[in-house]
Amino acid sequence: MPYDPIPKKPLSGFAVRPNLHDYDEMRRTFSWDAVSRELPWFDAEHINIAHAAIDAHLGTPRERKTAMIWESKKGATEEYTFADLARLSNRFASALTGTLGARPGDRVFFFLDRVPEIYVGIIGALKAGCVIGPLFSAFGPDAVRDRLLDSEARFLVTSPALLRKIESILPDLPALEKIVLVDREGGGTPSGRERGIAWERLMAGGSDRFDVVRTHREDRAVMHYTSGTTGKPKGAVHVHNAVVGHYATAKLVLDLRDDDVYWCTADPGWVTGTSYGMFGPWSNGATQAIYEGGFSARHWYSFIERRKVTVWYTAPTAIRMLMKSGDDLPKQFNLGSLRHTCSVGE
């Protein structure tokens, strides 16, 4: 029987019944094995985070459901269904392995802003059995060098503008073989970059069909580095089995369900931005709204109103900055879509 923590009868006082409706009862009856059985395992020992997050919805009513609503800093909007993300990530995975020669276990790092290509690329690299490493786009050259050098990354996906920022460190990275350039701003590819290939060119050589690597539950999937504020950044490796935790906590704590529009403000360069900005919500089949731009109280309130966000996950720092903007500003927007908010960090 599928694991279903939702009570059979509505609870008084709740317009929407929460998934975690009774903590004591949930703790008494909770079983990780039961939660695991809700996910699409290849067999008892093999699962792939990307397959669980995206491809598992193919052939179901969620296939044509909107998975990602992306809004640029300039207000442009793009929408992707689960089928779209499956197809595009297949194309990246096939080009990564075919054109670039990536092998399972290779480190593929991403130094990008919150653009659709970082989400497609991360899912695709995981499908190929590679280990992904997201980097905060505000990092300087030294921070990027430390992480790429330590991880021995073979591939880097970045933009021309960010590549210019770190160009001086490239000679220090002997393991780095290819750089994939996502040029959304039309700035052109920096000259003299023999290791560079345009995203569009790479994707043109890929296939919409790809057999997802059947990774073992303990195979490495994600490398997240600590911030470095208390010493040299340390790489923390997350395995594919981590998706069980992503799925369970997104369902029970973030309270995600099928009709939600969810917004996580975390950058993909940090663990919240992958665990709860990709894997947790998508493994639950939730629609994600993603805003490329940085913090602005007015823009954030407007984004919630326009996208009709129902579940919002942000940081205490952001909440404090919203508080500083005053009580009058949020009254200018209709925030009635929100039913559940959580904060994380610090």
Side-chain angles (χ1 to χ4, degrees), residues 1-6 18-60 62 65 67 82 85-86 89 93 104-105 119 122-134 212-224 235-258 260 262 264 266 268 270-288 311 313 340 342 344-345:
M1 291 291 291
Y3 177 73
D4 182 12
I6 300 177
N19 289 334
L20 186 56
H21 61 94
D22 185 330
Y23 178 81
D24 291 331
E25 176 67 10
M26 180 64 67
R27 185 179 64 173
R28 186 182 66 80
T29 60
F30 185 82
S31 163
W32 281 111
D33 287 340
V35 174
S36 296
R37 287 195 294 272
E38 294 188 28
L39 290 167
W41 293 78
F42 299 119
D43 55 46
E45 293 294 324
H46 294 82
I47 193 169
N48 184 289
I49 288 180
H51 179 259
I54 301 297
D55 287 16
H57 304 303
L58 302 181
T60 77
R62 287 175 175 167
K65 178 184 175 183
F82 281 101
L85 292 183
S89 58
Y119 299 91
I122 283 176
I123 294 296
L126 288 168
K127 284 184 174 183
C130 297
V131 180
I132 63 104
V212 178
V213 174
R214 298 188 171 220
T215 42
H216 188 273
R217 65 193 303 166
E218 294 301 324
D219 283 347
R220 297 174 179 181
V222 185
M223 291 185 74
H224 274 294
V237 178
H238 301 242
V239 298
H240 282 271
N241 196 56
V243 73
V244 179
H246 302 152
Y247 170 79
T249 47
K251 180 176 183 176
L252 297 176
V253 180
L254 296 178
D255 197 44
L256 293 177
R257 70 275 310 289
D258 214 54
D260 276 319
Y262 166 74
C264 173
W270 305 113
V271 65
T272 302
T274 55
S275 298
Y276 300 108
M278 298 183 203
F279 312 137
W282 279 335
S283 62
N284 277 275
T287 296
Q288 289 207 86
V311 179
Y313 198 26
H340 188 51
C342 295
V344 66

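What you see is a predicted model; the values in this text were computed from it and never measured. Worth knowing before you read on, the calculation uses all heavy atoms, side chains too, and leaves out hydrogens, waters and symmetry mates.
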Quick one: are Phe42 and His51 in side-chain contact, heavy atoms under 4.5 Å? yes

Could you tell me whether a side-chain N or O of Asn284 sits under 3.5 Å from a main-chain N or O of Pro281, the two making a donor and an acceptor? no

Is there a side-chain contact (heavy atoms from CB on, under 4.5 Å) between Tyr276 and Leu256? Walk through the geometry before answering. CA-CA 11 Å; Tyr276 300 108; Leu256 293 177; over 6 Å; no

Would Ser283 and His246 count as having a side-chain donor-acceptor pair, cut-off 3.5 Å? no

Mark yes or no for whether Trp41, through its side chain, and Arg217, through its backbone, hold a donor-acceptor pair below 3.5 Å. no

Measuring only between side-chain heavy atoms, which start at C-beta, is Val35 closer than 4.5 Å to Tyr247? yes

CG/Leu126 to CD1/Ile49 distance, rounded to the nearest 0.5 angstrom? 6.0 Å

Any chance you could measure His46, atom NE2, to His216, atom NE2, to the nearest 0.5 Å? 5.0 Å

Just by modelled atom types, is the Ala50 backbone N or O under 3.5 Å from a matching donor or acceptor in the Asp55 side chain? no

For the pair Leu85 and Ile123, evaluate side-chain contact (heavy atoms from CB on, under 4.5 Å) and give the outcome as yes or no after the intermediate values. CA-CA 8 Å; Leu85 292 183; Ile123 294 296; over 6 Å; no

State, to 0.1 Å, how close Ala125 and Ile132 come at their nearest heavy-atom pair, and which atoms those are. CB-CG2, 3.5 Å

The reported gap from NE2 in His240 to CG in Asn48 (rounded to nearest 0.5 angstrom) is 5.0 Å

What one should report as the nearest heavy-atom pair of Val131 and Gly105 is CG2-O, 3.8 Å

Taking the side chain as every heavy atom from C-beta outward, state whether Leu252 and Phe30 have any pair of such atoms under 4.5 Å apart. yes

How far apart are the closest heavy atoms of Ala52 and Ala56, and which atoms are they? O-CB, 3.8 Å

Heavy-atom closest pair (Trp282 atom, Ala67 atom, distance to 0.1 Å) is NE1-O, 2.9 Å

Using every non-hydrogen atom in the two residues, find where Thr215 and Ile47 come nearest and quote the distance to one decimal. OG1-O, 2.7 Å

Which heavy atom of Ser89 sits nearest a heavy atom of Lys127, and at what distance? OG-NZ, 2.8 Å

Out of Arg27, His21, Arg28, which residue meets the side chain to side chain donor-acceptor pair (under 3.5 Å) rule with Glu25? Arg28

Closer than 4.0 angstrom, basic N to acidic O: yes or no for Arg214 and Asp43? no

Once you measure the plane-to-plane angle for Tyr313 and Tyr262, does it fall in the parallel (<30°), tilted (30-60°) or perpendicular (>60°) bin? tilted

About how many Å separate CG of Asp258 and OG1 of Thr287, when rounded to the nearest 0.5 Å? 8.0 Å

After noting the C-alpha distance and the side-chain angles of Val271 and His238, does the key distance pass the side-chain contact (heavy atoms from CB on, under 4.5 Å) rule? CA-CA 10 Å; Val271 65; His238 301 242; 3.9 Å; yes

If only atom types and distance count, is the side chain of Gln288 paired as donor or acceptor with the main-chain N or O of Gly277 below 3.5 Å? yes

Would you call Asp255 and Val311 a side-chain contact if the rule is heavy atoms closer than 4.5 Å? no

Can you find a heavy atom in the side chain of Ile122 that is under 4.5 Å from one in the side chain of Phe279? yes

If you measure from OG1 on Thr274 to NE2 on His224, what distance do you get to the nearest 0.5 Å? 3.0 Å

